[in-house]
Amino acid sequence: MDSVRTRFAPSPTGYLHIGGAWTAFFNWLHSRHYGGRFVLRVEDTDRSRSTEQYEAAILEDFRWLGILWDEGPEVGGPYGPYRQTERSELYARYAGELEERGAAYPCFCSPEELEEERRRASAERRPHRYSGRCRSLSPPERERMEAEGRRASLRLRVTDLAEPIVVSDLVRGSVVFEPEHLDDYIIVRSDGTPLYNFANVVDDHLMGITHVIRASEHLPNTPKQFVMYRALGWTPPAVAHLPMILGADRKKLSKRHGDTAVREYRVQGFLPEAILNFFALMAWHPEAEKEIYSLDELVAAFALEEVGRASPVFDFEKLTWLNGVYMRRLIGADIDRVVGICAGVLQREGLLPGDVDAEQRAYLKRVVTIVAERLRTGRDIVAYGDFFFRDVVFEEAAAAKHLTRQSAPLLEAYAGALSALDPFERVGIEAALRGVCARSGAEARALIHPARVALTGRTIGPGLFELCEVLGRERSVDRLRRAALIASRA
RNA sequence: GCCCCCAUCGUCUAGGCAGGCCCAGGACACCGGUCUUUCAAGCCGGCGACGCGGGUUCGAAUCCCGCUGGGGGCACCA
């Protein structure tokens, strides 16, 4: 049996989208499961919307996710080039062949005329199909059109079809399309550039793609493409249409649903391994009562037949939870990676300079060490540890509740005790607090809570004594005194 | 308007192809409790679903039909 070859074919008109990444991942899993190859192909035939910047960004995002391609841009391969704008001769050759055989014909209708046809059909509540006006133009008629300066597009002749097109979809089963609903569609623009349904077929065939795994929005394209395969005398690949990922309103996931670019998740401090694990839980679930999977497990378990047909709603909360699971695992395994992620977040927030020196790096690492177990995403470092990197900003409710007049002398006494403490370490910091409370007959909590607010501005955060140690004597004492002053005026 | 797809807790899903092991299992979220200097994590417990109607069958979440609901597509975009 021929080796499995799958592909993902993004068009560089925006950043890599969650839905695209998910689709690509399933392609990748399928190829890996069978020891095949995964190809990346850039579909940039729409020159007006494609940019090199987006292409570069997409490749970068794939690399970040760890979805690496065996063939494609930047890595090459035996079936290149892998960018459609560099494959023009190929399309021209097959378009010419189709036209020569009469399987395709030039159409002189202008976009405006076609738009008018569609508008009328819509007004008369008829299905929108091409009228077939240029279908049987005689050679003299064609010459006349050309003399008028009209530039022809090329249409595939599909209306002759008698039997239905049956698509055997690996996830959906058999889907039947009746020929009367198909029409002659344009395969080459009047400027000579190929359209999706044409270039896609030519490339998939020439690149030896065995399995086309894509989103179900493409299902209606499949019969058109099957007609193309037939016209070219080629055997179509196996196809599988994945469901579409939906937003909370059950509409196709898009920008209006919030963060849909993979890049956004990177910026927020998500882990690629968590995202990939999460991907495996949409329209699939390898084992009934297990949520966490290694990549190897996913590769071993992947089976297109097990993929669901219903469209999942993107569950951001669950992704966040999963990321937290991976984050906590990382603390023991590779704390420096967590530090790096937090550094990125803090820099974007302007809490850390762009160039971090050795001393700042060491400090950051101590901070991360004591807050890490609370981080679900890198972004959480801001909520739990911003006060390490800037002056305290008091939360109004927290200050009102804990910086009371009774707490003022305790805070003041604690500041005094800490200023004399040496070494300035956790154990001594705690003992000092308990000592202050014992001497004034107060319970420890009567000082612990105000002290937390004094040092962090909030009621939540890492352990008080650890954070105090990391903050250092000077800042801790200053903050306690300042809070004592505020409390005394309460 | 036409074509196509889909349908289990609020959400992601297991189960459906081989009907009884499912008065439906797990996870997220939520709500209690526990631990605790706070939060988080952990642990214990709770809430919560087979869209509706017909069939087939001794028996249906599972098979069939209809309905309803949702989604996608109908470009010289991909």
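Just so we're on the same page: letters track the sequence lines, and every chain starts at 1.
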Touch check for A/Leu114, heavy atoms < 4.0 angstrom, all strands: base, sugar-phosphate only, or nothing? base
Mind checking the C1' distance from B/G72 to B/C31? Whole angstroms is fine. 38 Å
If you find the nucleotide of RNA chain B closest to A/Gln84 and the one closest to A/Arg309, which residue's nucleotide is nearer the 5' end? A/Arg309
What nucleic acid atoms does A/Leu464 come within less than 4.0 Å of, heavy atoms only: base, sugar-phosphate, or nothing? base
Euclidean distance for P, B/A61 against B/G54 (whole angstrom): 14 Å
Report the residues that fulfil ring-ring contact (aromatic ring centres under 6.0 Å, His included) with A/His449, sequence neighbours left out, ordered by chain and then residue number. A/His402
Taking a pair as Watson-Crick or G-U wobble with both distances under 3.5 Å, which nucleotide is matched to B/U62? none
Determine the interatomic distance between P on B/A41 and the same-named atom on B/A27; round to the nearest Å. 15 Å
Looking at every strand, decide which applies to A/Arg129 at a 4.0 Å heavy-atom threshold: base, sugar-phosphate, or nothing. nothing
A/Arg214 and A/Thr23: which non-hydrogen atoms are nearest, and at how many Å? CA-CG2, 3.8 Å
If you look at every strand shown and take non-hydrogen atoms under 4.0 Å, does A/Asn221 touch a base, only sugar-phosphate, or nothing? base
Is the distance from the ring center of A/Tyr54 to that of A/Tyr15 below 6.0 Å? yes
With sequence neighbours excluded, what pairs up with A/Glu163 under the salt bridge (charged side-chain N to carboxylate O under 4.0 Å, His left out) test? A/Arg230
Rounded to the nearest 0.5 Å, what's the gap from OG1 on A/Thr260 to NE2 on A/His17? Could you check? 4.0 Å
Just checking A/Pro10: base, sugar-phosphate only, or nothing, at a heavy-atom cut-off of under 4.0 Å? nothing
With side-chain contact (heavy atoms from CB on, under 4.5 Å) as the criterion, how do A/Arg133 and A/Cys109 come out once you've worked through the C-alpha distance, each side chain's angles and the decisive distance to 0.1 Å? CA-CA 8 Å; A/Arg133 200 162 6 161; A/Cys109 300; 4.0 Å; yes
Who is the Watson-Crick or G-U wobble partner of B/G16, with both distances under 3.5 Å? none
So A/Thr45, base contact, sugar-phosphate only, or nothing? Heavy-atom distance under 4.0 Å. sugar-phosphate
Check: A/Arg189 side chain, A/Pro194 main-chain N or O, donor-acceptor pair, under 3.5 Å: yes
Using the P atoms only, state how far B/G16 lies from B/G25, rounded to an integer number of Å. 16 Å
Sticking with atom P, work out how far B/C6 lies from B/C44, rounded to a whole angstrom. 39 Å
Can you tell me the base-pairing partner of B/G32? Count Watson-Crick or G-U wobble geometry only, both distances below 3.5 Å, and say none if there is no partner. B/C44
Among residues 172-189 of chain A, which ones have heavy-atom contacts with RNA chain B below 4.0 Å? A/Arg172, A/Val175, A/Val176, A/Phe177, A/His181, A/Ile186, A/Arg189
Between which nucleotides of RNA chain B, 5' to 3', does chain A make heavy-atom contacts below 4.0 Å? B/G1 to B/A78
Residue-level proximity of residues 441-457 of chain A to RNA chain B when a heavy atom falls under 4.0 Å: A/Ile448, A/His449, A/Arg452
Plane angle bin for A/Phe25 and A/Trp28 - parallel if under 30°, tilted between 30 and 60°, otherwise perpendicular: parallel
So what does A/Asp46 touch, heavy atoms closer than 4.0 Å: a base, only the sugar-phosphate, or nothing? sugar-phosphate
What does B/A7 pair with, Watson-Crick or G-U, if both distances are under 3.5 Å? B/U68
Reckon A/Gly463 touches a base, only the sugar-phosphate, or nothing at all at heavy-atom distances under 4.0 Å? base
Centroid separation A/Phe278 to A/Phe314 less than 6.0 Å: yes
Answer with yes or no whether the side chains of A/Asn323 and A/Tyr265 bring together a donor and an acceptor at under 3.5 Å. no
For A/Lys290, answer base if it contacts any base atom (sugar-phosphate contacts may also be present), sugar-phosphate if it contacts only those atoms, and nothing otherwise; contact means non-hydrogen atoms under 4.0 Å. nothing
Under 4.0 Å between any heavy atoms, over every strand shown, what does A/Arg118 touch: base, sugar-phosphate, or nothing? Just pick one. sugar-phosphate
Categorize A/Pro312 for me: base, sugar-phosphate, or nothing, with a 4.0 angstrom heavy-atom threshold over every strand shown. sugar-phosphate
For B/C74, the Watson-Crick or wobble partner whose two distances fall under 3.5 Å: B/G1
Please measure how far the P atom in B/A18 lies from the corresponding atom in B/C2, and state the result in whole Å. 35 Å
Before we go on, tell me: are the rings of A/Phe270 and A/Tyr326 under 6.0 Å apart, centre to centre? no
Among residues at least two apart in sequence or on other chains, which ones pass side-chain contact (heavy atoms from CB on, under 4.5 Å) with A/Glu124? A/Arg120, A/Arg126
Reckon A/Cys109 touches a base, only the sugar-phosphate, or nothing at all at heavy-atom distances under 4.0 Å? base
CD of A/Glu148: more than 12 outside heavy atoms within 6.0 angstrom? yes
Touch class at under 4.0 angstrom, heavy-atom based, for A/Phe465 against every strand present: base
Can you tell me how far C1' in B/C17 sits from the matching atom in B/U34, rounded to whole Å? 46 Å
Reckon A/Ser11 touches a base, only the sugar-phosphate, or nothing at all at heavy-atom distances under 4.0 Å? sugar-phosphate
Quick check: on RNA chain B, is the nucleotide nearest A/Glu291 upstream (toward 5') of the one nearest A/Pro194, or the reverse? Name the residue that is more 5'. A/Glu291
Minimum-distance pair of heavy atoms, taken over all atoms of A/Ala417 and A/Ala432: CB-CB, 4.3 Å
When you compare B/G45 with B/U37, how far apart are their P atoms, in angstrom units rounded to a whole number? 25 Å
